[in-house]
Amino acid sequence: MFRTTKQRLAACTAAAAVAAAAASFAAPTAATGAAAQGELTYGTVILLQNQYGGDGGYLDTNGVSSQPGATYNVSTNDRPNSRGPATSEWRVVSATGKATGARVISGDIVYLINQYGSHHTYLDTNGVSDQSGAKYKVSATTTKDRGPGTGKWHIFGVRSSPNDGHIRTDDIVHLLNDYGSANGGFLDTNGRSSQGGGAKYGVSTSPYSDRGTGTGSWKVLHS
């Protein structure tokens, strides 16, 4: 009888532990509730500051593009929106149907929509780049998917605090283009830009997440 009681006590203890663990797993957390302050959500308009040399400039549309199907050239600029209204502002939209207001998670696929003018344009790869070490040219187009995956970007956080995979303001990210099912290369600064209006560096894609120190790293900032 003693062994049976002991076994029952052990079973009860084990059951209680399992129940506690299950309750803890099922409890609402920041991941299932409303986004916390600083967390990037879909529909938010952001700036992207390149980290080459500590400040490689802000991702920016600049001038009419000569690429077939493209609308604007893309470069970086020393100061955000200094060249024109909202040229450095990009709205983050899910490419997989996540709702406006949902968190942006490392590994998500997004569209980046430039806010300049009445016809907003999508960040896009378009044509093979002739820059050393580059893969594809980058421009902006009014067409959401000009080619298969050319307007889609996988967003990867370098790190976050806490380490929960959420993208936050001031986080550093890499952006991998989905052309050819993610072989479009990482968004990258490469060489001085020939564009006027305060342009800083040319923008293309690279096979490497950081072709040079910080060239493929972008800080997320609220506009």
- Message: Please tell me whether Tyr208 and Phe186 form a close aromatic pair, meaning their ring centres lie under 6.0 Å apart.
- Response: no

- Query: If we ignore angles and hydrogens, is there a donor and acceptor under 3.5 Å between the side chains of Asp188 and Tyr52?
  - Reply: no

- From CA spacing to verdict: side-chain contact (heavy atoms from CB on, under 4.5 Å), Tyr201, Arg192: CA-CA 4 Å; Tyr201 295 115; Arg192 285 284 176 179; 3.7 Å; yes

- Query: Can you find a pair of side-chain heavy atoms, one from Tyr136 and one from Ser129, that are under 4.5 Å apart?
  - Reply: no

- Task: With rounding to the nearest 0.5 Å, note down the distance linking CG in Asp178 to OG1 in Thr150.
- Result: 9.5 Å

- Query: If you take all heavy atoms of Arg168 and Pro162, which pair is closest and at what distance?
  - Reply: NH2-CD, 3.5 Å

- Should Val104 and Tyr122 be counted in the same cluster of Ile, Leu, Val, Met, Phe, Trp and Tyr side chains packed under 4.5 Å apart? no

- Ser206 side, atom OG; His174 side, atom NE2 - distance, nearest 0.5 Å: 11.0 Å

- Side-chain contact, heavy-atom cut-off 4.5 Å: Arg79 with Tyr58? no

- Message: Could you report the tightest heavy-atom contact between Lys152 and Tyr111, atom names first, then the distance?
- Response: CE-OH, 3.3 Å

- When hydrophobic residues are tied together by side-chain contacts of less than 4.5 Å, even through go-betweens, does Leu187 share a cluster with Ile46? yes

- Greater than 12 external heavy atoms within 6.0 Å of Lys144's NZ: no

- Query: Do you know which of Thr44, Asp170, Thr169 makes side-chain hydrogen bond (donor to acceptor under 3.5 Å, both in side chains) with His222?
  - Reply: Thr169

- Query: Run the side-chain hydrogen bond (donor to acceptor under 3.5 Å, both in side chains) check on Asn114 and His120 step by step: do they pass?
  - Reply: CA-CA 6 Å; Asn114 191 256; His120 296 167; over 6 Å; no

- Task: Identify the two heavy atoms, one from Gly127 and one from Gln67, that lie closest to each other, and give their separation to 0.1 Å.
- Result: CA-NE2, 4.1 Å

- When you look at Asp55 and Gln49, which way does the side-chain contact (heavy atoms from CB on, under 4.5 Å) test go after all the steps? CA-CA 7 Å; Asp55 179 10; Gln49 183 189 32; 3.2 Å; yes

- Query: How close do Gly185 and Thr205 get, heavy atom to heavy atom, and via which atoms?
  - Reply: C-CB, 3.7 Å

- Message: Pair Ser75, Asp60 - check side-chain hydrogen bond (donor to acceptor under 3.5 Å, both in side chains), show working.
- Response: CA-CA 5 Å; Ser75 56; Asp60 188 76; 4.8 Å; no

- Item | Hphob cluster co-occupancy, Leu123 + Tyr42, side-chain heavy atoms under 4.5 angstrom | yes

- Query: Can you tell me how far the NZ atom of Lys135 sits from the CG atom of Asn190, to the nearest 0.5 Å?
  - Reply: 14.5 Å

- Test log, rule side-chain hydrogen bond (donor to acceptor under 3.5 Å, both in side chains), inputs Asp171 and Ser160: CA-CA 6 Å; Asp171 280 357; Ser160 65; 4.9 Å; no

- Query: Tell me, do His154 and Asp108 make a side-chain contact under 4.5 Å, heavy atoms counted?
  - Reply: no

- Message: When you group the ILVMFWY residues by side-chain heavy-atom contacts below 4.5 Å and let the links chain together, are Val74 and Tyr72 in the same group?
- Response: no

- Task: For the pair Gln195 (side chain) and Asn62 (backbone), establish whether a donor and an acceptor sit closer than 3.5 Å, ignoring hydrogens and angles.
- Result: yes

- N/O donor-acceptor pair under 3.5 Å between Ser65 side chain and Asn73 backbone: no

- Task: Kindly indicate whether the side chain of Thr121, heavy atoms from C-beta on, has any atom under 4.5 Å from the side chain of Tyr116.
- Result: no

- Are any non-hydrogen side-chain atoms of Ser193 and Lys200 less than 4.5 angstrom apart? no

- Message: Any non-hydrogen side-chain atom of Val92 less than 4.5 Å from a side-chain atom of Leu112?
- Response: yes

- Would you say Tyr179 has more than 12 foreign heavy atoms packed within less than 6.0 Å of its OH? no

- Nearest-0.5 Å distance that lies between atom CG in Asn77 and atom CG in Asn50: 12.5 Å

- Side-chain heavy atoms under 4.5 angstrom apart, residues restricted to Ile, Leu, Val, Met, Phe, Trp, Tyr: same cluster for Leu59 and Leu175? yes

- Message: Could you go through Ile113 and Val93, starting from their C-alpha distance and side-chain angles, then the distance that decides it, and tell me whether this counts as side-chain contact (heavy atoms from CB on, under 4.5 Å)?
- Response: CA-CA 8 Å; Ile113 306 174; Val93 174; 3.6 Å; yes

- Task: Determine, step by step, whether Asn177 and Thr125 satisfy the side-chain hydrogen bond (donor to acceptor under 3.5 Å, both in side chains) criterion, reporting the C-alpha distance in whole Å, the side-chain angles of both residues, the deciding distance to 0.1 Å, and the verdict.
- Result: CA-CA 7 Å; Asn177 189 258; Thr125 50; 3.0 Å; yes

- Query: Is the shortest heavy-atom distance from the side chain of Trp153 to the side chain of Ile109 under 4.5 Å?
  - Reply: no

- Item | Residues Thr141 and Asp124: side-chain donor-acceptor under 3.5 angstrom | no

- How many angstroms lie between CG in Leu48 and OG in Ser223, if you round to the nearest 0.5 Å? 11.0 Å

- Query: Should Glu89 and Leu47 count as side-chain neighbours, where that means a heavy-atom distance under 4.5 Å?
  - Reply: yes

- Note on the structure: CZ of Phe156 to CD1 of Ile167, rounded to nearest 0.5 Å, is 10.0 Å

